[in-house]
Amino acid sequence: MPLSAARLSFGYPPAALRPRDASPLAVNDVSLAIDHGALVGILGPNGSGKTTLLKLLAGILTPRAGTVTLDGRDVSTMPTRARARRIAVVPQETHLAFDYSVLEIALMGRYPHLGPFEVEGPRDLAAAETGLEATGTGRLASRMFQNLSGGEKQRVIIASALAQLDDGEASRVLFLDEPTASLDLKYQLEVAALVRRLHDEQHVTIVLSTHDLRFAASVCTEVVLLSAGRVLAHGMPRDVLTPAAIAELYEIDVSAAPLVIT
């Protein structure tokens with residue numbers, strides 16, 4: 001499998017004056033295999049470990065135990081720039097110290113491709129413009145990022161992530177952390193359509209975290225149900241998103257579970 005996790009465990013540092021082993025594990029003995037071109041949704045309630053698992057899979061966090069491999073290579077041993085050309089992460093929120101144009105934001109994705117003191121060239125500009133066109137934001141290139149709507153900002157950040165990934169690599173993985181969080185319905189639908197289009201046209205493996213079952217059911221080819229850092233189920237949405245599984249995941253009455261995704 002291009003992207004796989006074997007028995008991952010991770011715990012954040014405990015509070016002061018508490019023994020280390022008193023810190024609960026945010027991710028506990030998780031194993032996953034994600035095939036090339038999959039669109040995987042990691043689902044669970046708040047505090048279930050979704051974002052932590054995403055960061056472990058992306059190599060941002062180092063697991064306490066277990067390994068993550070991309071095409072058989074431990075991501076923790078990959079040079080940072082080499083890993084960034086194959087793995088891109090779109091965070092739940094993006095805060096900038098200064099205002100930049102949309103094109104400048106897209107060009108920021110090219111940093112793994114530049115040497116020390118090297119400035120962007122025609123190839124980098126072309127990659128940034130391609131990312132903007134792929135996300136439907138090419139017409140916004142000269143606009144200032146801070147003046148955009150929430151949905152437009154999310155699409156521009158995704159464009160920057162696409163510009164970061166190397167077209168020459170067979171396995172490219174895009175991680176999206178809660179891509180529809182804090183967006184109204186219109187922009188949620190726009191982002192959902194964009195995620196489907198990127199999967200179908202860009203041939204990028206996509207792994208996203210969300211607590212929105214409707215969103216995951218509508219766009220994902222696979223879903224992972226995560227509860228208290230452990231995997232409850234992993235498979236196709238129609239097989240995994242059953243009333244019983246939803247009831248267990250969200251600790252609700254089974255009779256109310258179908259209301260969550262209908």
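Source: prediction; values computed, not measured. The figures here come from the full heavy-atom set of this structure, side chains too, leaving out hydrogens, waters and symmetry mates.
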Give me the atom names and distance for the closest heavy-atom approach of [X] to [Y].
{"X": "Leu194", "Y": "Ala134", "answer": "CD1-O, 3.7 Å"}
{"X": "Thr51", "Y": "Ser209", "answer": "OG1-OG, 4.5 Å"}
{"X": "Val240", "Y": "Gly235", "answer": "CG2-N, 3.3 Å"}
{"X": "Val90", "Y": "Ala161", "answer": "CG2-CB, 3.8 Å"}
{"X": "Ala128", "Y": "Ala163", "answer": "CA-CB, 4.0 Å"}
{"X": "Ser48", "Y": "Leu226", "answer": "CB-O, 3.3 Å"}

Kindly compute the distance separating [atom1] ([X]) from [atom2] ([Y]), expressed to the nearest 0.5 Å.
{"X": "Leu162", "Y": "Arg172", "atom1": "CG", "atom2": "CZ", "answer": "7.5 Å"}
{"X": "Ser171", "Y": "Leu165", "atom1": "OG", "atom2": "CG", "answer": "11.5 Å"}
{"X": "Arg143", "Y": "Thr137", "atom1": "CZ", "atom2": "OG1", "answer": "11.0 Å"}
{"X": "Asp71", "Y": "Met78", "atom1": "CG", "atom2": "CE", "answer": "8.5 Å"}
{"X": "Thr205", "Y": "Leu39", "atom1": "OG1", "atom2": "CG", "answer": "9.0 Å"}
{"X": "Glu118", "Y": "Leu114", "atom1": "CD", "atom2": "CG", "answer": "5.0 Å"}

Return yes if some donor-acceptor pair links the side-chain N/O of [X] with the main-chain N/O of [Y] below 3.5 Å, else return no.
{"X": "Ser160", "Y": "Gly109", "result": "yes"}
{"X": "Gln164", "Y": "Arg85", "result": "no"}
{"X": "Gln154", "Y": "Pro179", "result": "yes"}
{"X": "Glu129", "Y": "Ala126", "result": "no"}
{"X": "Glu104", "Y": "Ser101", "result": "yes"}
{"X": "Arg110", "Y": "Gly121", "result": "no"}
{"X": "Thr135", "Y": "Gly131", "result": "yes"}
{"X": "Asp184", "Y": "Tyr187", "result": "yes"}

Is there a side-chain contact between [X] and [Y], using heavy atoms and a 4.5 Å cut-off?
{"X": "Leu103", "Y": "Leu125", "value": "yes"}
{"X": "Asp35", "Y": "Leu3", "value": "no"}
{"X": "Val173", "Y": "Leu70", "value": "yes"}
{"X": "Asp29", "Y": "Arg230", "value": "yes"}
{"X": "Leu43", "Y": "Leu213", "value": "yes"}
{"X": "Glu120", "Y": "His113", "value": "no"}
{"X": "Arg197", "Y": "Gln202", "value": "no"}

Side-chain donor-acceptor contact under 3.5 Å, Thr210 with Asp212 =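 Note: Thr210 and Asp212 side chains miss the donor-acceptor criterion.
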Where do Leu249 and Leu225 land on the side-chain contact (heavy atoms from CB on, under 4.5 Å) test, with the steps shown first?
-> CA-CA 7 Å; Leu249 181 65; Leu225 304 188; 3.9 Å; yes
List in chain and number order the residues that pass side-chain contact (heavy atoms from CB on, under 4.5 Å) with [X], two or more places apart in sequence or in another chain; answer none if no residue qualifies.
{"X": "Thr94", "value": "Pro91, Leu96, Ile157"}
{"X": "Ala58", "value": "Ile60, Ile87, Val89, Phe175"}
{"X": "Thr52", "value": "Phe10, Tyr12, Ala26, Val27, Leu56, Leu61"}
{"X": "Thr62", "value": "none"}

Basic-acidic side-chain contact under 4.0 Å: Asp177, Lys50 |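 No, Asp177 and Lys50 are not salt-bridged.
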What pairs meet the side-chain hydrogen bond (donor to acceptor under 3.5 Å, both in side chains) rule with one or both residues in residues 217-227, with sequence neighbours excluded?
->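 Of all non-adjacent pairs touching residues 217-227, those that pass side-chain hydrogen bond (donor to acceptor under 3.5 Å, both in side chains) are Glu222-His234.
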Begin from the C-alpha positions of Lys153 and Phe145 and carry the test side-chain contact (heavy atoms from CB on, under 4.5 Å) through to its verdict.
-> CA-CA 7 Å; Lys153 287 180 179 178; Phe145 182 78; 3.7 Å; yes
Is it possible for you to say whether Val156 and Ile206 belong to one hydrophobic cluster, with membership spreading through side-chain heavy-atom contacts below 4.5 Å?
->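 Hydrophobic grouping puts Val156 with Ile206.
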Verify same cluster id: Val191, Val223 (apolar side-chain graph, 4.5 Å) |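 Unlinked, Val191 and Val223 end up in two clusters.
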What residues join Leu185 in its hydrophobic cluster, counting side-chain heavy atom gaps under 4.5 Å, either direct or through other members?
->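 Grouped by the 4.5 Å side-chain rule, Leu189 form the rest of the cluster around Leu185.
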Of Leu132, Leu107, Asn147, the residue whose pairing with Val102 passes side chain to side chain contact (heavy atoms under 4.5 Å, CB included) =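 Looking at Leu132, Leu107, Asn147, the match for Val102 under the side chain to side chain contact (heavy atoms under 4.5 Å, CB included) is Leu132.
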Might you work through the side-chain contact (heavy atoms from CB on, under 4.5 Å) test for Leu53 and Leu8, ending with a clear yes or no?
-> CA-CA 9 Å; Leu53 178 56; Leu8 285 183; 4.1 Å; yes
Take Ile42 and Leu54, measure what side-chain contact (heavy atoms from CB on, under 4.5 Å) needs, and give me the verdict at the end.
-> CA-CA 8 Å; Ile42 302 173; Leu54 207 71; 4.1 Å; yes
Take atom CD of Gln146 as the centre, draw a 6.0 Å sphere, and report whether it contains more than 12 heavy atoms from other residues, nucleotides or ligands.
->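 It does: Gln146 CD has more than 12 such atoms within range.
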